[in-house]
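Read through the structure below, which is laid out as structure tokens, and then see the notes.
Residue numbers begin at 1 in each chain, while the letters A, B, ... track the order of the sequences.
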Protein chains: 2
Amino acid sequence: MAKPVAARGTGRERVIEAALELYSAHGVSGTSLQMIAAALGVTKAAVYYQFHAKEDIVVAVLEPAFDEMETFIAHAEVARGRRAQLEAALAGLVDIAVSRQRLAALIGGDPAMSVVVRSHERFRHLVDRLDRVLVGPEPTAAQRMAVSMLGGGLLMTGADARLADLDEETRRTEMLRILRAVLLPPLG
Amino acid sequence: MAKPVAARGTGRERVIEAALELYSAHGVSGTSLQMIAAALGVTKAAVYYQFHAKEDIVVAVLEPAFDEMETFIAHAEVARGRRAQLEAALAGLVDIAVSRQRLAALIGGDPAMSVVVRSHERFRHLVDRLDRVLVGPEPTAAQRMAVSMLGGGLLMTGADARLADLDEETRRTEMLRILRAVLLPPLG
DNA sequence: GTCTATAGATAGATAGAC
DNA sequence: GTCTATCTATCTATAGAC
């Protein structure tokens with residue numbers, strides 16, 4: 001008898017979802033275990049049963065996005081030619097920006113979230129790999145600026161409340177259009 | 001005898017500078033009054049003499065940037081034609097992005113900072129005016145996406161540690177080049 | 001698996017001495 | 001203007017009952 005998929009993740013996943021929502025509104029440092037517990041209608045001790053420390057929750061919130069990142073980075077790394085590599089990486093980033101809006105904004109902006117990313121070997125390593133596939137070897141100052149600015153903008157814009165009326169397809173299309181307009185032509 | 005300029009601001013300004021530095025590293029919520037006091041080599045009570053609440057410090061940190069914003073927004077609003085308005089607003093934003101890198105990143109990304117911006121009438125009003133001058137009346141979905149993405153990217157990229165080796169002139173030039181490439185042509 | 005109870009530290013904030 | 005001292009509330013985290 002195999003373990004039912006829903007049985008293992010339920011408790012943890014409810015915590016992760018509540019945490020992400022609260023992080024978006026108050027920041028990681030501004031969110032206490034008390035708040036997470038209250039959002040779930042349980043006590044702090046119940047949350048501590050699933051995660052033995054506050055940082056463990058932050059890591060668990062980040063994990064699925066970095067799993068996804070690892071997949072598209074691996075694809076981009078084996079693509080033939082700089083342009084194909086960049087296209088693959090951009091498509092992957094846009095996917096995350098639209099499918100994980102709130103998390104993307106936190107990774108890009110919340111200093112407390114950045115601390116956790118930098119302090120975990122795996123996350124930091126993936127960020128480095130992403131960076132390499134985005135800027136390539138020997139990038140010019142202009143290319144580096146463009147990648148930094150558009151990458152940052154991509155992470156932030158998904159969570160922009162002013163764009164709440166736009167459907168996912170419009171967002172995705174426009175993001176790619178802007179990225180291509182700035183990043184692809186000069187690289188030929 | 002006029003009051004010496006250094007006498008009024010010294011205490012407050014030292015707190016503001018220390019706070020901004022700590023906010024950048026740990027986020028607003030992750031920065032305690034204890035940490036600010038320790039950075040200045042004084043006690044919490046000494047900080048409370050200058051600011052009677054934690055939020056007052058956040059407001060004081062934001063104030064100079066919004067003063068600057070008010071000036072360039074006023075100029076942009078009276079410019080002749082949509083294109084000139086947009087150009088004026090973009091130039092002003094770039095100025096803030098390069099001259100107040102850390103604060104710009106916090107405004108764009110730290111949820112705790114956003115809460116303070118939204119809860120203060122003056123700040124919220126200026127953000128609304130900026131938005132109007134950036135997107136204009138009856139913007140298309142594409143224009144709104146572009147403004148959101150590039151505006152967010154602009155705020156984030158100033159504080160990007162990977163670009164620390166680029167001089168201010170290079171940053172400014174490249175920012176404007178990217179902004180113009182995406183925002184100006186389609187508007188004629 | 002979720003609870004009560006509680007520890008120990010630190011948070012923001014105030015009163016009053018100097 | 002900066003200090004000591006202190007208050008209350010809340011924080012993360014643990015131990016152990018149910």
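At the phosphate of C:dA11, OP1 or OP2 sits under 4.0 Å from a side-chain N or O atom of B:Ser32. Here B:Tyr49 does not reach the OP1 or OP2 of D:dT2: none of its side-chain N or O atoms lies under 4.0 Å away. Proximity of B:Thr43 to the phosphate of D:dT2: no side-chain N or O atom is located under 4.0 Å from OP1 or OP2. Within the structure, every side-chain polar atom (N or O) of A:Gln50 is placed at least 4.0 Å from both OP1 and OP2 of C:dG1.
Under the 4.0 Å criterion applied to side-chain N and carboxylate O atoms, A:Arg14 and A:Glu17 are not assigned as salt-bridge partners. Using a 4.0 Å cut-off between a side-chain N of Lys or Arg and a carboxylate O of Asp or Glu, B:Arg162 and A:Asp128 do not qualify as a salt bridge. Between B:Arg171 and B:Glu168 no salt bridge is recorded (no basic side-chain N to carboxylate O distance below 4.0 Å). For A:Arg12 and A:Asp56, the salt-bridge test fails: no basic side-chain N is under 4.0 Å from an acidic carboxylate O.
For the pair A:Lys54 NZ and D:dT10 C1', the computed distance is 12 Å after rounding to whole Å. For B:Lys44 and D:dT2, the NZ to C1' distance is 15 Å, given to the nearest whole Å. Between the CZ atom of A:Phe51 and the C1' atom of D:dC11 there is a distance of 19 Å, rounded to whole Å. One can place CG of B:Leu22 at 12 Å from P of C:dA11, the figure rounded to the nearest angstrom. Whole-Å rounding puts the A:Gln34 CD to C:dA5 C1' distance at 14 Å. Remark: C1' of D:dT12 and CD1 of A:Ile57 are 11 Å apart, rounded to the nearest angstrom. Between A:Arg14 atom CZ and C:dT2 atom C1' there is a gap of 12 Å when expressed in whole angstrom units. Between the P atom of C:dG1 and the CZ atom of A:Arg12 lies a distance of 13 Å, rounded to the nearest Å.
Of the candidate nucleotides C:dT14, D:dT12, C:dT2, C:dT2 has the atom lying nearest to any side-chain atom of A:Ala46. Set against C:dG12, D:dT2, D:dT12, the side chain of A:Leu33 has D:dT12 as its closest nucleotide.
A donor-acceptor pair shorter than 3.5 Å cannot be found between the side chains of A:Thr157 and A:Asp160.
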